[in-house]
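Because only heavy atoms are used, hydrogens play no part in the values below, and waters and symmetry mates are left out as well, while side chains stay in.
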Amino acid sequence: MAAEHFRSRSLRSASACIERMASTGRVILVVEPAHHLPSSLRGVTGTQIFQTGHRELDGALLDRVQPDVALCPLMVAGFDALDLAERLVSLGYRGALRATTQPVPDRNLILREIRAICPGLDFDLIELPAP
């Protein structure tokens with residue numbers, strides 16, 4: 001019963017985080033959308049959502065899109081959120097980066113590592129319940 005309560009609370013807080021991120025007028029850049037486009041973003045209105053692969057992300061794209069938030073999976077084949085964080089910082093990105101993942105044993109360890117390597121970047125995790 002406690003595990004079900006935690007899973008339900010985790011789903012509500014992940015959904016609330018995505019809903020806040022998709023507030024009206026925001027621009028979201030989803031990197032590697034085939035891997036993780038959260039269902040909460042499907043059908044969102046009043047928000048601009050752009051999608052790109054991590055290899056296609058460059059300064060010209062950031063200048064054109066001007067995202068408030070970048071969203072990516074924590075880890076997929078070929079890159080992870082740290083790779084993207086370093087790339088965004090090197091390109092002068094000043095928005096937020098959110099990485100989606102299933103629940104992890106020590107989220108603070110991941111947060112400390114990425115924030116230490118990219119101290120000026122607003123980074124956080126969105127933990128989505130396991131399917």
Side-chain angles (χ1 to χ4, degrees):
M1 183 68 150
E4 280 301 312
H5 173 71
F6 176 76
R7 187 175 302 128
S8 174
R9 189 182 73 202
S10 177
L11 177 59
R12 283 193 309 268
S13 61
S15 293
C17 182
I18 291 172
E19 286 171 15
R20 280 191 310 274
M21 186 175 58
S23 65
T24 302
R26 307 258 337 234
V27 178
I28 301 172
L29 177 63
V30 182
V31 181
E32 295 301 327
H35 293 285
H36 80 292
L37 185 62
S39 60
S40 304
L41 287 178
R42 294 187 185 114
V44 169
T45 58
T47 297
Q48 295 181 29
I49 300 174
F50 296 89
Q51 302 177 25
T52 188
H54 75 280
R55 287 186 169 91
E56 292 73 38
L57 181 64
D58 60 17
L61 177 68
L62 286 179
D63 288 344
R64 188 175 74 249
V65 172
Q66 298 184 355
D68 299 301
V69 180
L71 180 67
C72 71
L74 180 60
M75 294 175 61
V76 293
F79 93 107
D80 61 25
L82 178 57
D83 296 327
L84 183 60
E86 290 177 316
R87 179 184 243 161
L88 289 169
V89 167
S90 74
L91 294 171
Y93 177 68
R94 299 207 185 280
L97 173 60
R98 300 295 180 259
T100 58
T101 183
Q102 292 183 354
V104 292
D106 190 352
R107 71 179 275 120
N108 290 324
L109 177 70
I110 296 165
L111 294 173
R112 280 192 308 270
E113 177 182 7
I114 293 179
R115 290 172 179 168
I117 294 170
C118 302
L121 184 65
D122 175 4
F123 176 79
D124 208 346
L125 292 174
I126 299 174
E127 292 185 64
L128 304 170

Exercise for the section: Please examine the side chains of L97 and I114, heavy atoms only from C-beta on, and report whether any two atoms are closer than 4.5 Å. Expected result: no

Handout entry: Residue pair A99 / A81: nearest heavy atoms and the distance that separates them
Key = CB-CB, 3.9 Å

Fill in the blank from the handout: Value for CG (L84) from NE2 (H54), rounded to nearest 0.5 Å, stands at 9.0 Å

Problem - Partner set under side chain to side chain donor-acceptor pair (under 3.5 Å) for D83, not counting sequence neighbours - result: none

Practice task
Find the distance between CG (D80) and CG (L74) and round it off to the nearest 0.5 Å.
Solution key: 7.0 Å

Practice task
Begin with the C-alpha distance, continue with both residues' side-chain angles, and end with the deciding distance and a verdict on side-chain contact (heavy atoms from CB on, under 4.5 Å) for I110 and T101.
Solution key: CA-CA 11 Å; I110 296 165; T101 183; over 6 Å; no

Problem - Residue R94 excluded, over 12 heavy atoms near CZ under 6.0 Å - result: no

Practice task
Please step through side-chain contact (heavy atoms from CB on, under 4.5 Å) for the pair L29 and L57, ending with a clear verdict.
Solution key: CA-CA 10 Å; L29 177 63; L57 181 64; 3.7 Å; yes

Exercise for the section: Under the side-chain contact (heavy atoms from CB on, under 4.5 Å) rule, what do F50 and R64 come out as? Steps first, then yes or no, please. Expected result: CA-CA 11 Å; F50 296 89; R64 188 175 74 249; over 6 Å; no

Handout entry: Student check: side-chain heavy atoms of Q66 and V27 closer than 4.5 Å
Key = no

Problem - Sub-4.5 Å side-chain heavy-atom contact between L62 and L88 - result: yes

Problem - Derivation of the side-chain contact (heavy atoms from CB on, under 4.5 Å) call for D124 and R115 - result: CA-CA 9 Å; D124 208 346; R115 290 172 179 168; 4.0 Å; yes

Practice task
Answer yes or no: is there a donor N or O on one side and an acceptor on the other, between the side chain of R107 and the main chain of E127, under 3.5 Å?
Solution key: no

Problem - Close side-chain approach of F79 to E32, heavy-atom, < 4.5 Å - result: yes

Handout entry: Partner residues of D58 under the salt bridge (charged side-chain N to carboxylate O under 4.0 Å, His left out) criterion, sequence neighbours left out
Key = none

Practice task
Find out whether L61 and E56 are in side-chain contact, i.e. whether some heavy atom of one side chain is under 4.5 Å from a heavy atom of the other.
Solution key: no

Fill in the blank from the handout: Of all heavy-atom pairs linking V31 and G53, the shortest is CG1-C, 4.1 Å

Completion exercise
All heavy atoms of Y93 vs all of L121, minimum pair found to be CD2-CD1, 4.0 Å

Practice task
Check L111 against L125 and note the closest heavy-atom contact, atom names and distance.
Solution key: CD2-N, 3.9 Å

